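All values reported here derive from a predicted model rather than from experimental measurement.
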Amino acid sequence: YFEKFSQNVHKVTGQMKQDFVSIRTNRITPAILERVRVVAYGAEMPINQLATVAAVNASTLEIKPWDPKVANDIEKAIQKSDIGVSPTNDGIVLRLAFPSLTEDRRKNYTKIAKKHAEEARVKIRNARREAQDEAINNPLKDKKITEDEKFRRQHELDALTNKYIGDIDSLLASKEKEIFEI
């Protein structure tokens with residue numbers, strides 16, 4: 001009776017992990033470009049469908065378009081994005097050199113991570129409320145479950161909710177640690 005709740009929570013957790021991937025840390029990964037969409041060939045598509053993206057070192061990404069004609073389109077998309085770095089384009093390869101993070105930037109990224117975590121917690125609480133109505137309150141009203149069963153289900157739902165909120169908190173703690181790692 002809590003399958004739908006668990007599915008909703010897994011979606012929320014997955015979305016939060018995706019949001020965390022886009023938050024920059026000291027190690028640059030190609031995943032930071034996942035949200036950047038390029039308008040090329042009359043459609044909007046992710047960079048990884050137009051080019052190979054690789055980390056050259058801890059602070060530089062290299063983007064090699066399969067078709068050199070889209071290099072300028074990729075460059076424009078990166079400049080419009082919220083990444084905060086302008087690419088150098090030699091017509092064949094684009095390079096993104098990320099400066100090391102300042103203390104203020106790290107604090108700002110931590111705030112963003114906390115915001116994503118809080119949004120996830122709110123979504124989990126909303127999913128909990130729905131599950132409570134579907135599996136506890138409505139069946140009790142319709143006399144399909146007893147008071148004892150209500151308390152047992154309530155205890156189970158609370159335990160699941162606490163576990164999932166704990167998972168969110170541990171993901172946040174590891175992301176904060178990653179952000180402040182030098």
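- The distance from the CG atom of L160 to the CD1 atom of I165 is 11.5 Å, given to the nearest 0.5 Å.
- You'll find the side chain of T13 reaches within 4.5 Å of the side chain of L171, heavy atoms only.
- By the side-chain contact (heavy atoms from CB on, under 4.5 Å) test, K80 pairs with no residue at all, sequence neighbours left out.
- Between G91 and A71, the closest heavy-atom pair is O-CB, 4.2 Å.
- Listed by chain and number, the residues in a side-chain contact (heavy atoms from CB on, under 4.5 Å) with T102 are D104, R105 (sequence neighbours excluded).
- Taking F5 as the reference, Y164 meet the ring-ring contact (aromatic ring centres under 6.0 Å, His included) condition, with sequence neighbours excluded.
- Of the possible donor and acceptor atoms, one in the side chain of S81 sits under 3.5 Å from a partner among the backbone N and O of I78.
- Clustering ILVMFWY residues whenever any of their side-chain heavy atoms sit less than 4.5 angstrom apart, transitively, puts L96 in a cluster other than the one holding Y109.
- Evaluation of the side-chain contact (heavy atoms from CB on, under 4.5 Å) rule for P139 yields K144, I145, R153 as partners, not counting sequence neighbours.
- To the nearest 0.5 angstrom, R121 atom CZ is 13.5 Å from T161 atom OG1.
- Linking Ile, Leu, Val, Met, Phe, Trp and Tyr residues whenever their side-chain heavy atoms come within less than 4.5 Å leaves F98 and I179 in two separate clusters.
- Ion pairing of E118 with K114 is absent here, as no side-chain N (NZ or NE/NH1/NH2) approaches a carboxylate O to less than 4.0 Å.
- Two residues are said to be in side-chain contact when any heavy atoms from C-beta on lie closer than 4.5 Å; D67 and L50 fail this criterion.
- In this structure, the separation between CD1 on I32 and CD1 on I47 is 11.0 Å, given to the nearest 0.5 Å.
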task = Let me see the working for Q15 and D19 under side-chain hydrogen bond (donor to acceptor under 3.5 Å, both in side chains), right down to the final yes or no.
result = CA-CA 6 Å; Q15 180 60 47; D19 293 340; 3.0 Å; yes
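- Within the 4.5 Å cutoff, side-chain heavy atoms of L140 are placed close to those of E147.
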Quick one: side chains of residues 52-65, donor-acceptor pairs under 3.5 Å with protein atoms, not counting sequence neighbours, listed by atom name and distance.
| unit_1 | atom_1 | unit_2 | atom_2 | d |
| --- | --- | --- | --- | --- |
| T52 | OG1 | W66 | NE1 | 3.1 |
| N57 | OD1 | S59 | N | 2.9 |
| N57 | OD1 | S59 | OG | 3.4 |
| N57 | OD1 | T60 | N | 2.9 |
| N57 | OD1 | T60 | OG1 | 3.1 |
| E62 | OE2 | R95 | NE | 3.3 |
| E62 | OE2 | R95 | NH2 | 3.4 |

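- Atom CD of E176 and atom CG of L172 lie 4.0 Å apart (nearest 0.5 Å).
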request  = Could you walk me through whether V21 and R35 pass side-chain contact (heavy atoms from CB on, under 4.5 Å), step by step?
outcome  = CA-CA 10 Å; V21 165; R35 291 191 165 180; over 6 Å; no
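- Minimum interatomic distance between V85 and A97 (heavy atoms only, all atoms of both residues): CG1-O, 3.4 Å.
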Intermediate values then yes/no, side-chain contact (heavy atoms from CB on, under 4.5 Å), D158 and H155 = CA-CA 5 Å; D158 290 345; H155 180 73; 5.7 Å; no
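- When every heavy atom of R37 is checked against every heavy atom of A77, the shortest pair comes out as O-CB, 3.4 Å.
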request  = Apply the test side-chain contact (heavy atoms from CB on, under 4.5 Å) to residues H10 and Q7: give CA-CA distance (whole Å), side-chain angles for both, the deciding distance (0.1 Å), then the verdict.
outcome  = CA-CA 5 Å; H10 288 296; Q7 289 172 349; 5.7 Å; no
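- For the atom pair NE2 (H116) and CD1 (I23), the distance works out to 4.5 Å, reported to the nearest 0.5 Å.
- Considering every non-hydrogen atom in both I168 and A120, the closest pair reads CD1-CB, 3.8 Å.
- A heavy-atom distance below 4.5 Å is not found between the side chains of L33 and P46.
- Connectivity analysis of hydrophobic side chains (ILVMFWY, heavy atoms under 4.5 Å, direct or indirect) links I92 to V93.
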inquiry  = Run T110 and K175 through side-chain contact (heavy atoms from CB on, under 4.5 Å) and show every step you take.
reply    = CA-CA 8 Å; T110 302; K175 187 63 179 183; over 6 Å; no
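- With values rounded to the nearest 0.5 angstrom, I124 atom CD1 is found 14.0 Å from K11 atom NZ.
- Contact check for K115 versus I112: no side-chain heavy atoms found under the 4.5 Å cut-off.
- The same ILVMFWY cluster, assembled from side-chain heavy atoms under 4.5 Å apart, contains both L157 and Y1.
- At least one donor-acceptor pair closer than 3.5 Å links the side chain of N138 to the backbone N or O of D133.
- Y41 places none of its side-chain heavy atoms less than 4.5 Å from the side chain of D73.
- Counting only heavy atoms from C-beta outward, the side chains of R128 and F2 never approach each other to under 4.5 Å.
- A side chain to side chain contact (heavy atoms under 4.5 Å, CB included) with I136 holds for exactly one of R152, E156, Q154; it is Q154.
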